[in-house]
Asker: 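Next up is a structure, given as structure tokens.
Heavy-atom basis, side chains included; hydrogens, waters and symmetry copies ignored.
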Amino acid sequence: LQNAGRIGRYVPGAQLGAGSTAKVFAAKGPGGDDVVLKVVALSKLAFSPAAREGCLREATLMRGLKHPNILGCFDQFETVSSLVTVLEHVPDALDLLEYLTFDPTRRPSGDDIRKVAGGLLAALKTMHAANIVHRDVKPENILVSRDLSSVKLFDFNLARIMGGGDCESSTFCGTPQYVAPEMEGR
């Protein structure tokens with residue numbers, strides 16, 4: 001990776017996942033604390049100012065939203081080859097889709113559903129009070145601990161500040177499989 005196994009001040013560990021533009025690593029912070037690094041190769045952003053802006057905006061919005069049901073964002077910095085976002089580590093976590101499909105014989109109880117829904121609604125209430133709309137709420141963007149003691153909304157790449165001129169209700173965004181029927185064809 002960078003600098004004798006370091007990325008900035010962080011020591012990366014196991015890769016936790018990868019998307020179309022980013023790789024996600026468990027890591028240790030300077031004080032030995034557990035964090036997660038979202039690493040985007042600058043080469044992936046070189047030809048898309050909008051993609052770069054989305055990465056920068058995501059970290060800025062997340063850092064401004066302090067809530068137990070919103071994944072914490074601690075820092076963002078650039079290395080020679082990457083844009084790195086330092087995120088909260090949630091022990092023993094899965095995204096909600098993984099959680100629901102991990103054990104096909106297990107059905108969530110009413111209490112399980114209330115815990116997840118309550119956490120998600122609390123996160124959205126906090127966002128909306130700050131005039132921020134997520135625009136991509138889906139099971140893959142909700143992180144839960146296996147015992148459901150922790151529910152965190154994340155992936156703010158499509159989030160916008162309402163009234164900022166770029167959040168028109170007619171603007172199509174999100175994941176096609178989860179888009180409301182009335183938004184289809186826009």
Asker: Salt bridge or not between Asp34 and Lys28? Use side-chain N to carboxylate O under 4.0 Å.
Answerer: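 Here Asp34 pairs with Lys28 in a salt bridge, since their nearest N and O are under 4.0 Å apart.
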Asker: In this structure, which one of Gln76, Lys38, Glu58 forms a side chain to side chain donor-acceptor pair (under 3.5 Å) with Thr85?
Answerer: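 When side chain to side chain donor-acceptor pair (under 3.5 Å) is applied between Thr85 and each of Gln76, Lys38, Glu58, only Gln76 qualifies.
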Asker: Distance from Glu53 atom CD to Asn157 atom CG, nearest 0.5 Å?
Answerer: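 If we round to the nearest 0.5 Å, Glu53:CD and Asn157:CG are 10.0 Å apart.
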Asker: For the hydrophobic clusters of this structure (ILVMFWY residues joined by side-chain heavy atoms under 4.5 Å, transitively), does one cluster hold both Val116 and Leu71?
Answerer: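 Yes, it is one cluster - the side chains of Val116 and Leu71 are joined through contacts under 4.5 Å.
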Asker: Going through the checks in order, is the side chain to side chain contact (heavy atoms under 4.5 Å, CB included) test met by Asp112 and Arg106?
Answerer: CA-CA 11 Å; Asp112 292 344; Arg106 184 186 175 281; 2.7 Å; yes
Asker: Are Leu16 and Tyr99 connected into the same hydrophobic cluster when the rule is that any two of I, L, V, M, F, W, Y join if their side-chain heavy atoms are below 4.5 Å apart?
Answerer: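 Same cluster.
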Asker: So how far is it from Met127 CE to Ile161 CD1, rounded to the nearest 0.5 Å?
Answerer: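 Rounded to the nearest 0.5 Å, the CE-CD1 separation comes to 10.5 Å.
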Asker: Once rounded to the nearest 0.5 Å, what's the spacing between atom CG of Leu97 and atom NZ of Lys138?
Answerer: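 Those atoms lie 10.0 Å apart.
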Asker: Is there a donor-acceptor pair under 3.5 Å between the side chain of His67 and the backbone N or O of Leu124?
Answerer: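 Not a single qualifying donor-acceptor pair exists.
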Asker: I need the full list of salt bridge (charged side-chain N to carboxylate O under 4.0 Å, His left out) pairs touching residues 84-98, with sequence neighbours left out, sorted by first then second residue.
Answerer: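 Listed once each, the pairs are Glu88-Lys152, Asp92-Arg146.
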Asker: If you measure only the distance, is there a donor-acceptor pair under 3.5 Å linking the side chains of Ser109 and Asp111?
Answerer: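 Absent: no donor and acceptor within the cut-off.
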Asker: Might you point out which heavy atoms bring Ser145 and Ser149 nearest each other, and give the distance in Å?
Answerer: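 Where Ser145 meets Ser149 most closely, the heavy atoms are OG-N, 3.1 Å.
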Asker: Whether the side chain of Asp136 engages the backbone of Asp155 through a donor-acceptor N/O pair (distance < 3.5 Å, no angle test) should be reported.
Answerer: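 Not a single qualifying donor-acceptor pair exists.
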Asker: How about NZ on Lys44, more than 12 heavy atoms from neighbouring residues, nucleotides or ligands closer than 6.0 Å, or not?
Answerer: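 No, not enclosed.
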Asker: Going by side chain to side chain contact (heavy atoms under 4.5 Å, CB included), name the residues that satisfy it together with Glu78, two or more places apart in sequence or in a different chain.
Answerer: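 Applying side chain to side chain contact (heavy atoms under 4.5 Å, CB included) to Glu78 gives Leu42, Arg52, Leu83.
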Asker: Using the rule that Ile, Leu, Val, Met, Phe, Trp and Tyr join whenever any side-chain heavy atoms are under 4.5 Å apart, tell me whether Val86 and Leu45 fall into a single cluster.
Answerer: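 Looking at the clustering, Leu45 is in a separate group from Val86.
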Asker: To check you understand the geometry: which heavy-atom pair defines the closest contact between Pro108 and Leu100, and what is its length?
Answerer: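 That would be CG-CD2, 3.6 Å.
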Asker: Measure the spacing between OG1 of Thr101 and CG of Leu96 and express it to the nearest 0.5 Å.
Answerer: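 One gets 9.0 Å once the value is rounded to the nearest 0.5 Å.
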Asker: Measuring from atom CD1 of Ile132 to atom CE of Met62, what distance do you get when rounded to the nearest 0.5 angstrom?
Answerer: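 Ile132 atom CD1 to Met62 atom CE measures 11.0 Å (nearest 0.5 Å).
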Asker: Between Asn69 (side chain only) and Val151 (backbone N and O only), is there a donor and an acceptor less than 3.5 Å apart?
Answerer: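 Yes, because the side chain of Asn69 sits within donor-acceptor range (under 3.5 Å) of the backbone of Val151.
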Asker: For Pro12 and Gly5, work out which heavy atoms get closest and say how close.
Answerer: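 Nearest pair, atom of Pro12 first, then Gly5: CD-O, 2.9 Å.
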Asker: Which class fits the ring pair Phe77 and Tyr10: parallel under 30°, tilted 30 to 60°, perpendicular over 60°?
Answerer: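 Parallel.
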Asker: Following the transitive rule for hydrophobic clusters with a side-chain heavy-atom cut-off under 4.5 Å over Ile, Leu, Val, Met, Phe, Trp and Tyr, establish whether Val24 and Val40 coincide in one cluster.
Answerer: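 No.
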Asker: Please tell me if the side chains of Arg57 and Arg160 come closer than 4.5 Å, counting only heavy atoms from C-beta onward.
Answerer: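 Side-chain contact under 4.5 Å: yes.
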Asker: Side-chain heavy atoms nearer than 4.5 Å, only ILVMFWY residues, links allowed to pass through others: does that put Leu65 and Phe154 together?
Answerer: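 Yes.
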Asker: Just by distance, do the side chain of Arg9 and the backbone of Pro30 share a donor-acceptor pair under 3.5 Å?
Answerer: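 Side chain of Arg9 to backbone of Pro30, a donor-acceptor pair under 3.5 Å: no, none is there.
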Asker: Find the distance between CG (Leu143) and CG (Leu94) and round it off to the nearest 0.5 Å.
Answerer: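 One gets 8.0 Å once the value is rounded to the nearest 0.5 Å.
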